[in-house]
Amino acid sequence: MKKRITLKAITTEAKLLLIGIPLLIWTMIPIYHLFLFAISPRDSATSGRLWPKAPTLDNFEVVFMQKHHYLNYFWLQMGNSLIIAVAVGAITLFVATAAAFAISRLKVRGGRTVMNLALFTYFIPAAFLAVPMYKTMGNYGLLGSQWALILAMVTIAAPYCIWVLKQASDKLPYELDEAAKMDGASPLQLFRLVYLPLMVPSLVAVGTYALLLAWNEYLYAFLLLSNDRSMTLGVALGSFLSADDSPWELLMTTGLIYALPPAAIYYTFKRYMVSGLTAGAVKS
């Protein structure tokens, strides 16, 4: 049966377009200017034109070939960002998955209290915890080590990820656990054969969330990593602003390159992000 197009539906669609199109344009303006700087020669990068007279890809060559002293460690710092982000995502996923399984399916004593106390940390802005975290890492001799940033970001990401996975886990039928136990499944087999396969969307969602959180982190990376060879590329971008005559075209080119991996990761796992995080948003 062919669906009728009503005036109400047309009006609703028009309202969405009137709101969505300006929001899209407003969101894309900074990205467009980032791209505009990246393809502009140095002498015309700040000309204010909507399109450069002579677009060029020379800026990308300078960045990739590390032809500027601010870019001496570009590939190393990009690798540092990738290693730290992947490590944070993997460790957070392991901790959050095990904790959510223990709290939701094994019903360990005090599990809910621990989860609520962990969530309580979100009442304190992460920026306020930066100095205590710096002091803590100094006490353990981890300052300047990438492990300092990895552990700090896991600490920040894990409580939310545990909560999301716990809420999603609560929606799984407990009859599956009972059936597996009747067949003689151990808790580890229950975790591996029943829990993990059913939680894949939520696992991908929280893993991606933790990875992107670490990739985009600046404050903790700036405080905990001070060596050019160990810092992330996001922190290294700040050095471009230390000169009186900053190479804005190279800064924007590097920033554009740095923004591509998280964008690719997000759009690759977008459907998992939406379904996974929504699954843990409310409890049925």
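Just so we're clear, the structure is a prediction, and the values are computed from it rather than from any experiment. In this chain, residues are counted from 1 in sequence order.
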Single-linkage hydrophobic cluster, 4.5 Å side-chain cutoff, [X] and [Y] together:
X	Y	value
Phe240	Met65	no
Phe128	Leu223	yes
Val86	Ile83	no
Val131	Ile156	no
Leu76	Leu224	no

Working to the nearest 0.5 angstrom, can you tell me the gap between [X] [atom1] and [Y] [atom2]?
X	Y	atom1	atom2	value
Tyr140	Ser145	OH	OG	15.0 Å
Leu143	Asn227	CG	CG	12.5 Å
Leu256	Ile39	CG	CD1	10.0 Å
Leu165	Tyr160	CG	OH	10.0 Å
Leu176	Leu198	CG	CG	6.0 Å
Leu82	Thr232	CG	OG1	12.0 Å

Should [X] and [Y] count as side-chain neighbours, where that means a heavy-atom distance under 4.5 Å?
X	Y	value
Arg105	Leu172	yes
Pro41	Glu249	no
Tyr174	Ser104	yes
Leu219	Glu217	yes
Leu190	Phe101	yes
Ser186	Phe191	no
Phe60	Ile257	yes
Ser40	Thr56	no

If you compare all heavy atoms of [X] against all heavy atoms of [Y], which two are closest, and at what distance to 0.1 Å?
X	Y	value
Gly89	Ala210	CA-CB, 4.0 Å
Ile150	Ala87	CD1-CB, 3.7 Å
Gly255	Leu34	C-CD2, 4.4 Å
Val62	Leu71	O-CD1, 3.9 Å
Ala100	Tyr195	CB-OH, 3.6 Å
Leu237	Leu251	O-CD1, 3.6 Å

Could you pull out all donor-acceptor pairs under 3.5 Å where a side-chain atom in residues 21-31 meets a protein atom, sequence neighbours excluded?
unit_1	atom_1	unit_2	atom_2	d
Thr27	OG1	Leu23	O	2.7

Between the side chain of [X] and the main-chain N/O of [Y], is any donor-acceptor distance below 3.5 Å?
X	Y	answer
Gln77	Ala236	no
Asn72	His69	yes
Gln167	Ser169	no
Asn59	Ala38	yes
Asn80	Arg229	yes
Gln146	Ile84	no

[atom1] of [X]: more than 12 outside heavy atoms within 6.0 angstrom?
X	atom1	result
Tyr32	OH	yes
Phe64	CZ	yes
Phe35	CZ	no
Lys107	NZ	yes

Inset, instruction - Quick one: do Leu196 and Val200 satisfy side-chain contact (heavy atoms from CB on, under 4.5 Å)? Show the steps, please. - result: CA-CA 6 Å; Leu196 288 182; Val200 167; over 6 Å; no
Inset, instruction - Output all residues satisfying salt bridge (Lys or Arg N to Asp or Glu O under 4.0 Å) with Lys67, sequence neighbours left out; order by chain, then residue number. - result: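 For Lys67, the residues satisfying salt bridge (Lys or Arg N to Asp or Glu O under 4.0 Å) (neighbours in sequence not counted) are Glu61.
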Legend entry - Residues Lys166 and Asp170 bridged, charged N to O under 4.0 Å: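 A salt bridge is present here (some side-chain N lies under 4.0 Å from a carboxylate O).
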Legend entry - CA sep, side-chain torsions, deciding dist, call: Met153, Leu149, side-chain contact (heavy atoms from CB on, under 4.5 Å): CA-CA 6 Å; Met153 296 312 301; Leu149 181 58; 3.8 Å; yes
Legend entry - Intermediate values then yes/no, side-chain contact (heavy atoms from CB on, under 4.5 Å), Leu151 and Met137: CA-CA 9 Å; Leu151 295 175; Met137 295 303 172; 3.9 Å; yes
Inset, instruction - Would you confirm whether the ring centroid of Tyr220 sits within less than 6.0 angstrom of the ring centroid of Tyr134? - result: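 Not under 6.0 Å, so no.
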Inset, instruction - Just jot down the side chain to side chain contact (heavy atoms under 4.5 Å, CB included) partners of Arg109, sequence neighbours excluded, or say none. - result: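 Residues passing side chain to side chain contact (heavy atoms under 4.5 Å, CB included) with Arg109: none at all.
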Legend entry - Matching residue for Thr208 among Leu211, Val206, Leu212 - test: side chain to side chain contact (heavy atoms under 4.5 Å, CB included):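 The residue from Leu211, Val206, Leu212 that satisfies side chain to side chain contact (heavy atoms under 4.5 Å, CB included) with Thr208 turns out to be Leu212.
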